[in-house]
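A, B, ... follow the sequence lines: proteins, then strands. Residue 1 opens every chain.
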There are 2 protein chains.
Amino acid sequence: MDQVEIFKALSNKSRLQILEWLKDPEASFPEQKPNGYEHGVCVGQIQVKAGLTQSTISEYLSVLLRAGFVEATRMGQWTYYKRNEQAIKNFTEAIKTDL
Amino acid sequence: MDQVEIFKALSNKSRLQILEWLKDPEASFPEQKPNGYEHGVCVGQIQVKAGLTQSTISEYLSVLLRAGFVEATRMGQWTYYKRNEQAIKNFTEAIKTDL
DNA sequence: TCTACATATCGGAAAAAACCGATATAACTT
DNA sequence: AAGTTATATCGGTTTTTTCCGATATGTAGA
């Protein structure tokens, strides 16, 4: 993944917001089903909270996925997304030394 | 300056490249006049090295300036640009804790 | 003042991004 | 199998970004 593409993934208010929300899923998405939060939050809940259409959020999540900032887990008909903390750390460390 | 705008400033190969070059102006721009490098490198040299037009580079430098990554010093007919290391450090520290 | 040169700004063409609605796919339910 | 639900993908419109050429501005020198 190109560094420019990674910065592009972060160049959008909604995508930054999603990453922020996923820092604390319990607090950000209290309506989560008993399933728990271990695998993240499903697309629909993010979509409602973001106030954009389903297709847009699905697209944005795949941008974040390609950039490596989140990982996806398919469970039944749901796809759960959560932050990839290690990848995020790698990125922030990298730009701390490279930028 | 909005954080989204700052990431946008970094979402371009040429602009990232310029920031990179300005880390070591002596090595990146050996043709610099006896003036020295204390105030940075002038637009024309960056333009030649980047291989884009003068207007584009002038524009890109002002994007980097607005984002706070560089500072400009006008000296006679030249404008010298150099990195604002403190601002860059502030930014990388901020996303290290916030992202 | 006239000319030359460095940089900034303006206007625009082409490409990319931000969305959307419609449709496809995949999994669950009955 | 047929209907329902969650997500992904496709096609399109509008906005933004990328880059250019032309022009304006600002400074220095003859």
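- In this model, the phosphate group of dC20(D) is approached by a side-chain N or O of Thr53(B) to a distance below 4.0 Å at OP1 or OP2.
- Side-chain N/O atoms of Gln54(A) and base N/O atoms of dA8(D) include a donor-acceptor pair closer than 3.5 Å.
- You'll find that the side chain of Thr56(A) is closest to dC19(C), out of dG26(D), dC19(C), dA8(C).
- Nucleic acid contact for Leu52(A): sugar-phosphate only, since backbone atoms but no base atoms lie under 4.0 Å from a heavy atom of the residue.
- For Ser58(A), no side-chain nitrogen or oxygen approaches OP1 or OP2 of dT9(D) to under 4.0 Å.
- The listed nucleotides are dC19(D), dC10(D), dA8(C); the one nearest the side chain of Ser55(A) is dC10(D).
- The shortest distance between the side-chain N/O atoms of Asn12(A) and the OP1/OP2 oxygens of dA18(C) is below 4.0 Å.
- For Gln77(B), counting side-chain heavy atoms from C-beta on, the closest listed nucleotide (dA8(C), dT27(D), dT17(D)) is dT27(D).
- Within the 3.5 Å criterion, the main-chain N or O of Leu22(A) finds no donor-acceptor partner in the side chain of Arg83(A).
- Nearest to the side chain of Trp78(B), among dC19(C), dA8(C), dT7(C), sits dT7(C).
- Taking the six-membered ring where the residue is Trp, the centroids of Phe91(A) and Phe7(A) are separated by under 6.0 Å.
- At dT7(C), none of the side-chain N or O atoms of Tyr60(B) fall inside 4.0 Å of OP1 or OP2 (strictly under the cut-off).
- Ser11(B) has no side-chain polar atom (N or O) that falls below the 4.0 Å cut-off from OP1 or OP2 of dT17(D).
- Ranked by how close their nearest DNA chain C nucleotide is to the 5' end, Glu59(A) and Ile57(B) are led by Ile57(B).
- With dT16(D), dA8(C), dT7(D) as the choices, the nucleotide that has an atom nearest any side-chain atom of Cys42(A) turns out to be dT7(D).
- For Arg15(A), a side-chain nitrogen or oxygen approaches OP1 or OP2 of dA18(C) to under 4.0 Å.
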